[in-house]
Amino acid sequence: MRNATKLTTAVLAAGALTLGLTACGSDKESAASDTSGPLVVAASPTPHAEILTYVKDNLAKKAGLDLEVREFTDYVTPNTATEDGSVGANYFQNQPYLDDFNKKNGTHIAPVVTVHLEPLGLYSHKVKSADALKSGATVAVPNDSVNEARALKLLAANGIITLKDGVGNEATPADITENPKNLKFKELEAAQTPRSLDDVDAAVINGNYALEADLSPAKDALVSESPKDNPYGNFLAVKKGNEDDPRVAKLAKLLTSAEVRKFIEDKYDGAVIPSF
């Protein structure tokens with residue numbers, strides 16, 4: 001069952017902020033087009049906002065960039081806020097997710113530069129290996145279409161299930177052709193998957209939410225995605241037409257600098273992998 005009602009206080013606050021800014025009308029649009037002010041970037045708390053905060057505290061001033069970071073805990077508001085001009089950019093998503101979001105919501109968000117990959121992983125509080133999952137076990141998966149497909153592909157890549165040939169980024173449990181363990185799937189909002197670990201046998205969790213839950217994708221995941229040729233790198237994004245904003249160009253350069261690469265490698269120990 002899809003969890004559409006259990007929003008965190010942070011999400012509600014973010015939504016209220018967006019609605020409040022939307023009410024400003026032309027004032028907001030004017031602010032969005034003013035490239036002399038601070039660049040406001042919407043980001044997931046971990047690792048995106050942490051990386052941006054490192055840039056703000058250590059690199060931005062020297063580069064002449066006034067950077068403001070706003071944290072959001074959902075995967076919807078950063079794009080809608082970027083679309084309506086409440087923020088100037090966002091940093092939290094991958095290309096398959098963005099393609100799906102733009103198509104379904106009529107938004108016009110475009111990637112600027114890819115920064116890192118967070119390998120998706122299967123976690124459990126009840127078993128020590130994927131092979132130990134019992135027949136009829138329940139596995140939680142993200143309920144948005146792209147991340148659900150990504151979760152199922154992870155399970156298929158590790159021989160836990162088999163998917164239809166050629167299935168794309170809209171795969172659902174209905175596309176499973178072989179399920180030897182007769183696994184049952186519980187669809188949850190991505191942010192809720194770590195909290196489900198005491199209630200299900202295992203959960204497929206996005207890297208940023210795993211980190212927020214003190215799970216190490218490098219050490220705790222039963223199985224995880226390979227970074228090789230992985231299409232799910234996370235990038236800085238803006239509304240189409242704003243790619244040439246000089247503030248965005250400065251941030252893109254800083255996010256792909258040697259200093260940020262070292263920060264990511266030192267802080268996340270393989271849980272977050274630079275993609276540049």
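What's counted below: heavy atoms across the whole structure, side chains too, no hydrogens, waters or symmetry copies.
If you take CG on Asn158 and CG on Leu122, they are separated by 8.5 Å, rounding to the nearest 0.5 Å. Rounding to the nearest 0.5 Å gives a distance of 9.5 Å between OG1 of Thr114 and CG of Leu236. In this structure, CG on Asp199 lies 9.5 Å from CG on Leu188, to the nearest 0.5 angstrom. Summarising the geometry, atom CG belonging to Leu117 is positioned 5.0 Å from atom CD1 belonging to Ile273; distances are rounded to the nearest 0.5 Å. Considering CG of Leu211 and OG of Ser216, their distance stands at 7.5 Å, rounded to 0.5 Å. Note that CD of Glu50 and CD of Glu212 are 8.0 Å apart. Values are rounded to the nearest 0.5 Å.
For the residue pair Asn94 and Pro231, the shortest heavy atom distance occurs at CB-O, 4.4 Å. The heavy-atom pair separating Pro173 from Glu187 by the smallest distance is CD-OE2, 4.3 Å. Contact between Gly37 and Arg247 at its shortest, heavy atoms only, is O-NH1, 3.1 Å. Between Ala252 and Val113, the shortest heavy-atom contact is CB-CG1, 3.7 Å. The minimum heavy-atom distance linking Ile161 with Leu152 is given by the pair CD1-O, 3.6 Å. Residues Glu265 and Pro274 approach most closely at CG-CG, 3.9 Å, considering heavy atoms.
A donor-acceptor contact shorter than 3.5 Å links the side chain of Asn105 to the backbone of Phe101. A donor-acceptor pair under 3.5 Å links the side-chain atoms of Asn234 to the main chain of Tyr232, judged by distance alone. Of the possible polar contacts, one joining the Asn179 side chain to the Asn182 backbone as a donor-acceptor pair under 3.5 Å is found. No donor-acceptor pair closer than 3.5 Å links the side chain of Asn90 to the backbone N or O of Val41. Under a 3.5 Å cut-off, the side chain of Asp74 and the backbone N or O of Val76 do form a donor-acceptor pair. Looking only at distances, no side-chain donor or acceptor of Ser224 sits under 3.5 Å from a matching main-chain atom of Ala221. Here the side chain of Asp201 pairs a donor or acceptor atom with the backbone of Thr138 at under 3.5 angstrom. Here the side chain of Lys184 pairs no donor or acceptor atom with the backbone of Val139 at under 3.5 angstrom.
Residue pairs meeting the ring-ring contact (aromatic ring centres under 6.0 Å, His included) criterion with at least one member in residues 108-127, sequence neighbours excluded: His48-His116, Tyr91-His116. Residue pairs meeting the side chain to side chain donor-acceptor pair (under 3.5 Å) criterion with at least one partner in residues 51-68, sequence neighbours excluded, are Glu68-Arg70. Within the structure, the ring-ring contact (aromatic ring centres under 6.0 Å, His included) test picks out the following pairs touching residues 189-215 (sequence neighbours left out): Tyr75-Tyr209. Sorted by first and then second residue, the salt bridge (charged side-chain N to carboxylate O under 4.0 Å, His left out) pairs involving residues 122-143 (not counting sequence neighbours) form an empty list. Judged as a salt bridge (charged side-chain N to carboxylate O under 4.0 Å, His left out), the pairs with a partner in residues 162-172 (not counting sequence neighbours) are, in order, Lys164-Asp175. For residues 104-120, the salt bridge (charged side-chain N to carboxylate O under 4.0 Å, His left out) pairs, not counting sequence neighbours, are Asp100-Lys104.
Residues meeting the salt bridge (Lys or Arg N to Asp or Glu O under 4.0 Å) test with Asp266, sequence neighbours left out: Lys262. Checked against side chain to side chain donor-acceptor pair (under 3.5 Å), Ser257 has the following partners two or more places apart in sequence or in another chain: Glu259. Applying the ring pair (Phe, Tyr, Trp, His ring centres under 6.0 Å) test to Phe235 and every residue at least two apart in sequence or in another chain returns nothing. Judged as a side-chain contact (heavy atoms from CB on, under 4.5 Å), and not counting sequence neighbours, the contacts of Lys228 are Ser226. Under the side-chain contact (heavy atoms from CB on, under 4.5 Å) criterion, Ala132 pairs with Val127, Ser129, sequence neighbours left out. In this structure, the side-chain contact (heavy atoms from CB on, under 4.5 Å) partners of Asp269, at least two apart in sequence or on a different chain, are Lys219.
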* Asked: Taking it one step at a time, do Asp99 and Gln95 satisfy side-chain hydrogen bond (donor to acceptor under 3.5 Å, both in side chains)?
  -> CA-CA 6 Å; Asp99 290 343; Gln95 191 68 58; 2.8 Å; yes
* Check the pair Ile51, Leu255 against side chain to side chain contact (heavy atoms under 4.5 Å, CB included), reporting the backbone distance first and the verdict last. => CA-CA 8 Å; Ile51 294 170; Leu255 282 172; 3.8 Å; yes
* Take Glu71 and Phe92, measure what side chain to side chain contact (heavy atoms under 4.5 Å, CB included) needs, and give me the verdict at the end. => CA-CA 10 Å; Glu71 296 186 9; Phe92 77 101; over 6 Å; no
* Asked: Please walk me through it: do Thr107 and Asn79 pass side-chain hydrogen bond (donor to acceptor under 3.5 Å, both in side chains)?
  -> CA-CA 8 Å; Thr107 47; Asn79 275 338; 5.9 Å; no
* **Stepwise side chain to side chain contact (heavy atoms under 4.5 Å, CB included) test for Val69 and Val40** => CA-CA 6 Å; Val69 184; Val40 182; over 6 Å; no
* **Verdict with supporting geometry, Leu251 and Leu52, side chain to side chain contact (heavy atoms under 4.5 Å, CB included)** => CA-CA 9 Å; Leu251 180 57; Leu52 288 169; 4.1 Å; yes
* To do: Carefully, step by step, assess Arg150 and Glu225 under the rule salt bridge (Lys or Arg N to Asp or Glu O under 4.0 Å).
  => CA-CA 9 Å; Arg150 186 180 174 190; Glu225 289 178 319; 2.7 Å; yes
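Asn169 is not listed as a side-chain neighbour of Ser145, based on a closest heavy-atom distance of 4.5 Å or more. Contact annotation: the side chain of Leu98 approaches that of Pro111 to within less than 4.5 Å [non-hydrogen atoms, C-beta and beyond]. Looking at heavy atoms from C-beta onward, Leu222 lies in side-chain contact with Ser124 at the 4.5 angstrom threshold. You'll find the side chain of Lys186 stays beyond 4.5 Å of the side chain of Ser196, heavy atoms only.
Taking hydrophobic clusters as Ile, Leu, Val, Met, Phe, Trp and Tyr residues chained together by side-chain heavy-atom distances below 4.5 Å, Leu39 does not share a cluster with Ile109. Hydrophobic clustering (side-chain heavy atoms under 4.5 Å, transitive across Ile, Leu, Val, Met, Phe, Trp, Tyr) keeps Leu154 apart from Ile205. The same ILVMFWY cluster, assembled from side-chain heavy atoms under 4.5 Å apart, contains both Leu163 and Phe185. No path of Ile, Leu, Val, Met, Phe, Trp and Tyr side chains, each step under 4.5 Å between heavy atoms, connects Leu183 with Val200, placing them in separate hydrophobic clusters. Hydrophobic clustering of Ile, Leu, Val, Met, Phe, Trp and Tyr side chains at less than 4.5 Å, counting indirect connections, keeps Leu120 apart from Tyr97.
Under 3.5 Å, the side chains of Asp144 and Asn147 contain a donor-acceptor pair of N or O atoms.
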